[in-house]
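As the structure lists them, so they are numbered: ligands from 1, and atoms in each ligand from 1.
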Amino acid sequence: MASIEEQIASLEEEIRRTPYNKATSGHIGRLRARIAFLRLEREKRSRGKGGGVGYAVRKSGHATVALVGYPSVGKSTLLTRLTGANSQSAAYDFTTVSIIPGMLEAAGASIQVLDMPGLVPGASRGRGRGREVLSVVRSADLILFLIDKDHPNFRGLLEELEDAGIRVNARRPRIVITPALRGGLTVTSTVRLTRLDEEAAVDIAREFGVHNGTIVFREDGTPEHLIDVLAGNRVYLPAILAVNKSDLIGPTDRSRIRDQVKPFEPIFIAAETGQNLDELVLAIVRALAFIRIYLRPPGGEADRVEPLILRGGSRVQDLLARLPPELGANFKAALVWGRSARFPGQTVGREHVLADEDVVTVVVQRGRAAAS
Ligand SMILES: Nc1nc2c(ncn2[C@@H]2O[C@H](COP(=O)(O)OP(=O)(O)OP(=O)(O)O)[C@@H](O)[C@H]2O)c(=O)[nH]1
Ligand SMILES: [Mg+2]
């Protein structure tokens with residue numbers, strides 16, 4: 001029996017050979033689903049063997065940014081410039097053999113930046129420690145792609161990430177799958193499906209061993225969207241892109257690179273000379289969408305001086321995670337003033353999504369209230 005690797009390769013070959021049209025789209029969807037399923041299996045096995053566990057990188061600070069690029073594009077030089085961490089840099093590939101963290105202080109936030117080994121083609125299949133690197137990328141909050149004039153094949157980087165289940169600048173598809181024990185598969189949708197028909201959806205689900213239950217489309221999803229939801233282990237990360245060594249790049253090359261990386265808006269920098277790093281830092285801060293939360297003790301005044309910094313989209317439970325554990329353990333409710341509140345002092349629960357500059361009082365059980 002062929003190895004998982006060989007099975008995947010031959011399925012990929014079959015997709016390449018099959019012309020894409022309406023008649024073959026169902027078949028291709030099934031092949032893609034089988035590949036995705038085999039990849040999941042491969043991952044499970046390598047974990048079982050103790051492989052693919054990834055580097056142990058302790059997250060710290062308010063957010064973590066992963067520097068992703070081919071070897072020698074200047075990742076280590078950039079880390080040193082941004083954070084002062086001493087990551088080795090040299091004029092040959094694979095100088096970085098492990099992941100080096102540094103801390104960037106910007107806009108009142110501490111941002112952990114991770115320098116990692118350059119990705120090579122085939123990284124998602126394990127080449128050049130690729131799987132370990134990609135597992136660290138998965139746990140980051142933002143990807144900073146770094147390319148240079150000699151390594152402009154940014155699509156190749158994206159493909160490695162895609163193959164590792166990392167979705168860049170995309171959101172989780174609005175497809176809900178509820179498996180059942182019997183009764184077959186029912187597909188329903190709240191919008192008209194133009195990119196995938198019911199029959200194809202059922203076939204794809206079967207490839208993942210889902211034979212009974214409901215699939216509800218809340219958007220006009222593609223076969224890839226459905227596969228992502230079935231695989232279940234996808235991560236959705238924001239990303240920005242910088243072009244390093246701009247000191248060596250003339251205007252013609254710049255516009256060529258701009259075209260190549262669309263829809264990304266590249267930031268041209270030179271890590272070695274520090275050129276344009278302010279703009280890059282601004283872009284990082286913007287992409288992380290920090291919010292400031294002011295705590296207010298019950299009956300007291302809000303501390304307007306030292307906000308707690310959280311990621312955009314954070315909930316009350318994320319705020320609690322940053323406060324003394326007894327507050328979380330005895331949490332009863334939170335009172336919120338500000339943009340996320342429907343009215344001043346609204347009572348909310350752990351799931352409530354906070355907004356920038358909200359004022360929050362944490363109410364704990366046993367009639368005791370506290371905020372700090
Ligand atoms: N001209 C120019 N050279 C740079 C710049 N930034 C880095 N370099 C050079 O590019 C080479 C590689 O830099 P590194 O920082 O080691 O690259 P890396 O991406 O960390 O490489 P790996 O760890 O092997 O993946 C070094 O010789 C740097 O001096 C820059 O802005 N301009
Ligand atoms: Mg390096």
Side-chain angles (χ1 to χ4, degrees), residues 54-57 64-104 111-140 142-161 164 166 168 239-254 256-258 260-261 264-284:
Y55 294 79
V57 177
T64 299
V65 179
L67 271 174
V68 175
Y70 291 114
S72 284
V73 295
K75 298 180 295 303
S76 301
T77 310
L78 180 62
L79 180 84
T80 310
R81 269 284 167 179
L82 287 179
T83 72
N86 249 328
S87 186
Q88 275 178 49
S89 72
Y92 48 87
D93 293 355
F94 292 113
T95 321
T96 314
V97 290
S98 60
I99 302 223
I100 316 248
M103 201 62 88
L104 165 68
I111 302 166
Q112 184 183 44
V113 183
L114 300 178
D115 173 29
M116 40 188 78
L119 282 185
V120 293
S124 58
R125 278 173 276 128
R127 275 197 67 209
R129 295 185 185 228
R131 225 172 269 159
E132 289 88 336
V133 175
L134 288 163
S135 83
V136 175
V137 176
R138 285 179 75 92
S139 68
L142 173 69
I143 294 170
L144 170 51
F145 286 116
L146 197 63
I147 59 173
D148 67 12
K149 188 161 65 80
D150 302 324
H151 306 82
N153 178 16
F154 155 69
R155 304 277 155 213
L157 280 180
L158 263 187
E159 272 166 31
E160 294 301 332
L161 264 54
I166 300 168
V168 164
I240 56 176
L241 181 140
V243 183
N244 193 30
K245 310 187 190 180
S246 294
D247 48 315
L248 308 176
I249 308 179
T252 357
D253 278 331
R254 282 190 194 217
R256 178 180 51 85
I257 292 174
R258 262 183 221 286
Q260 281 174 346
V261 302
F264 279 84
E265 302 230 351
I267 303 162
F268 288 89
I269 60 165
E272 208 152 65
T273 61
Q275 183 190 321
N276 231 4
L277 295 192
D278 293 352
E279 196 193 323
L280 176 63
V281 170
L282 261 179
I284 292 173

Novice: So which of L158, L241, V243 actually passes side-chain contact (heavy atoms from CB on, under 4.5 Å) with V261?
Specialist: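 Among the candidates, only L241 passes.
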Novice: Answer whether the closest heavy-atom distance between the side chains of L82 and I111 falls below 4.5 Å.
Specialist: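 Not in contact.
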Novice: Do ligand 1 and D115 have nitrogen or oxygen atoms that lie under 3.5 Å from each other?
Specialist: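 Looking only at distances, the answer is no, because the N/O contact criterion of under 3.5 Å is not met.
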Novice: Give the atom numbers and elements of ligand 1 that come within less than 4.0 Å of a heavy atom of A270.
Specialist: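 Near A270, the atoms of ligand 1 are 31 (O).
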Novice: Would one find an N, O or S atom of T77, in either backbone or side chain, under 2.8 Å from the Mg ion (ligand 2)?
Specialist: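 Within the cut-off used here (under 2.8 Å), T77 places no N, O or S atom near the Mg ion (ligand 2).
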Novice: Looking only at atom types and distance, does a side-chain atom of Y70 sit under 3.5 Å from a main-chain N or O of P121, one as donor and one as acceptor?
Specialist: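 It does not hold such a pair.
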Novice: What are the two closest heavy atoms between A242 and I269, and how far apart are they?
Specialist: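 Here A242 and I269 meet closest at CB-CD1, 4.1 Å.
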Novice: For atom 15 (O) of ligand 1, tell me which residue out of L67, D148, T77 has the closest non-hydrogen atom.
Specialist: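 Of the listed residues, T77 has the closest heavy atom.
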Novice: Hey, does D115 have a side-chain heavy atom less than 4.5 Å from the side chain of L78?
Specialist: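 Of all side-chain heavy-atom pairs linking D115 with L78, none is under 4.5 Å.
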Novice: Under 3.5 Å, N or O to N or O, is G74 touching ligand 1 that way?
Specialist: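 The answer is yes, given that G74 and ligand 1 share an N or O pair closer than 3.5 Å.
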Novice: May I ask you to check whether V73 has an N/O atom sitting below 3.5 Å from an N/O atom of ligand 1?
Specialist: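 Yes - when backbone and side-chain N and O of V73 are compared with those of ligand 1, one distance drops under 3.5 Å.
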Novice: Any idea which atoms of ligand 1 are less than 4.0 Å away from a heavy-atom of P71?
Specialist: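 In order of number, 25 (O).
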Novice: Does atom CG of D247 have more than 12 heavy-atom neighbours, drawn from other residues, nucleotides or ligands, at distances under 6.0 Å?
Specialist: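 Above 12, so yes.
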Novice: Under the side-chain contact (heavy atoms from CB on, under 4.5 Å) test against M116, which residue among I100, L134, L79, I99 passes?
Specialist: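 With M116 as partner, I100, L134, L79, I99 yield a single side-chain contact (heavy atoms from CB on, under 4.5 Å), made by I99.
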Novice: Given F145, which partner from the list L67, V168, V73 fulfils the side-chain contact (heavy atoms from CB on, under 4.5 Å) test?
Specialist: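 Only one of L67, V168, V73 forms a side-chain contact (heavy atoms from CB on, under 4.5 Å) with F145, namely V168.
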Novice: With only distance considered, is T273 within less than 3.5 Å of ligand 1 through an N or O on each side?
Specialist: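 No, T273 has no N/O under 3.5 Å of an N/O on ligand 1.
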Novice: State, yes or no, whether a side-chain contact exists between V113 and I284 at a heavy-atom distance under 4.5 Å.
Specialist: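 SC-SC contact between V113 and I284 ruled out.
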Novice: Which atoms of ligand 1 sit under 4.0 Å from any heavy atom of G118?
Specialist: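 Counting from 1, the qualifying ligand atoms are 25 (O).
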Novice: Just jot down the ligand 1 atoms closer than 4.0 angstrom to any heavy atom of L248, in number order.
Specialist: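 By the 4.0 Å cutoff, the relevant atoms are 1 (N).
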Novice: Need the ligand 1 atom indices (1-based, order shown) with element for anything under 4.0 Å from a heavy-atom of D247.
Specialist: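 Near D247, the atoms of ligand 1 are 1 (N), 2 (C), 30 (C), 31 (O), 32 (N).
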Novice: Any heavy atom of A271 sitting closer than 4.0 Å to ligand 1?
Specialist: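 Per 4.0 Å heavy-atom rule, A271 contacts ligand 1.
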Novice: Number the atoms of ligand 1 from 1 as they appear, then name those within less than 4.0 Å of a heavy atom of K75, with their elements.
Specialist: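 Checking each atom against K75, I get 15 (O), 17 (O), 18 (P), 19 (O), 20 (O), 21 (O), 22 (P), 25 (O).
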Novice: Could you tell me whether L146 approaches ligand 1 through its side chain, its backbone, both or neither, with non-hydrogen atoms closer than 4.0 Å?
Specialist: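 For L146, there is no contact with ligand 1 at all, from either part.
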Novice: Before signing off on this row, confirm whether S76 and ligand 1 have an N or O atom pair separated by under 3.5 Å.
Specialist: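 Yes, at least one N or O pair falls under 3.5 Å.
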Novice: I'd like to check N244 versus T77 (side-chain heavy atoms, cut-off strictly below 4.5 Å). Are they in contact?
Specialist: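 With C-beta onward as the side chain, the pair stays apart.
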